[in-house]
Amino acid sequence: MRINISRKNRQNPFIEKVQELSGQNLLVCYQCGKCSAGCPAVSNMDILPNQIIRYAQLGFKDELLESKSIWACASCMTCNVRCPKGINIAEVIEVLRQLLLRKRKDHVEVDKMTNAEKEDVPPIALISCFRKFTS
Ligand code: SF4
Ligand code: SF4
């Protein structure tokens, strides 16, 4: 993938929105990888937590919003406590989910599931497909 890094990139409204809603300064991340090293959900992710922060720094909106990682995240906060720069990665991921949920784009459309499917899926698995971090 070709990445264009420029001053113009940094003025991307998507970056500002993610920082504003999450309350996190994305620029302090120096890509140590400690967040990803402790994340219990990486085997189900296509973009690792440290990569999520890098993509957010660069304003890769589509890649992030289409990623399955934001739904695989269990909001366990392990990444938050491991980050030496104090970035709350889980909040950043919650913001990415929120941006989709505000457009009524859920990961799973419950109203389209059959009753048999609803009975078969553990409730916690369903909840993991919705908003999770409810601060
Ligand atoms: S632990 Fe913090 S500083 Fe390290 S890669 Fe993750 S977000 Fe960046
Ligand atoms: S909050 Fe999400 S990204 Fe962070 S360690 Fe837990 S599952 Fe991984």
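As the structure lists them, so they are numbered: ligands from 1, and atoms in each ligand from 1.
- Listed by number with element, the atoms of ligand 2 under 4.0 Å from a non-hydrogen atom of Ala74 are 2 (Fe), 7 (S).
- At a heavy-atom distance under 4.0 Å, no atom of Val42 approaches ligand 2.
- What sits closest to atom 2 (Fe) of ligand 1 on the protein, heavy atoms only, is Cys83 SG, 2.3 Å.
- Only side-chain heavy atoms of Ile89 come within less than 4.0 Å of ligand 1; its backbone N, CA, C and O stay farther off.
- Residue Ala90 has at least one heavy-atom neighbour below 4.0 Å for each of these atoms of ligand 2: 1 (S).
- Counting the atoms of ligand 2 from 1 in the order shown, those under 4.0 Å from a heavy atom of Pro49 are 3 (S).
- Within the listing of ligand 2, atoms 1 (S), 3 (S), 4 (Fe), 5 (S) sit less than 4.0 angstrom from a heavy atom of Cys79.
- Here the heavy atom of the protein found nearest to atom 4 (Fe) of ligand 1 is Cys32 SG, 2.3 Å.
- The nearest heavy-atom contact from the protein to atom 3 (S) of ligand 1 is Tyr30 CD2, 3.6 Å.
- In summary, the side chains of Gln57 and Arg54 do present a donor paired with an acceptor at a separation below 3.5 Å, with no hydrogens or angles considered.
- Contact atoms of ligand 2 toward Cys39: 3 (S), 5 (S), 7 (S), 8 (Fe) (distance under 4.0 Å to a heavy atom of the residue).
- No donor-acceptor pair closer than 3.5 Å links the side chain of Thr78 to the backbone N or O of Gly38.
- Less than 4.0 angstrom separates some heavy atom of Met77 from each of these atoms of ligand 2: 1 (S), 6 (Fe).
- Distances from atom 6 (Fe) of ligand 1 to the heavy atoms of Gly33, Cys29, Cys35, Gly38 show the closest one on Cys35.
- Listed by atom number, the atoms of ligand 2 under 4.0 Å from Ile93 heavy atoms are 3 (S).
- Coordination check, Cys76 versus atom 6 (Fe) of ligand 2: passed, since an N/O/S atom of the residue sits under 2.8 Å.
- Remark: ligand 2 atoms within the under-4.0 Å shell around heavy atoms of Ser75 are 1 (S), 2 (Fe).
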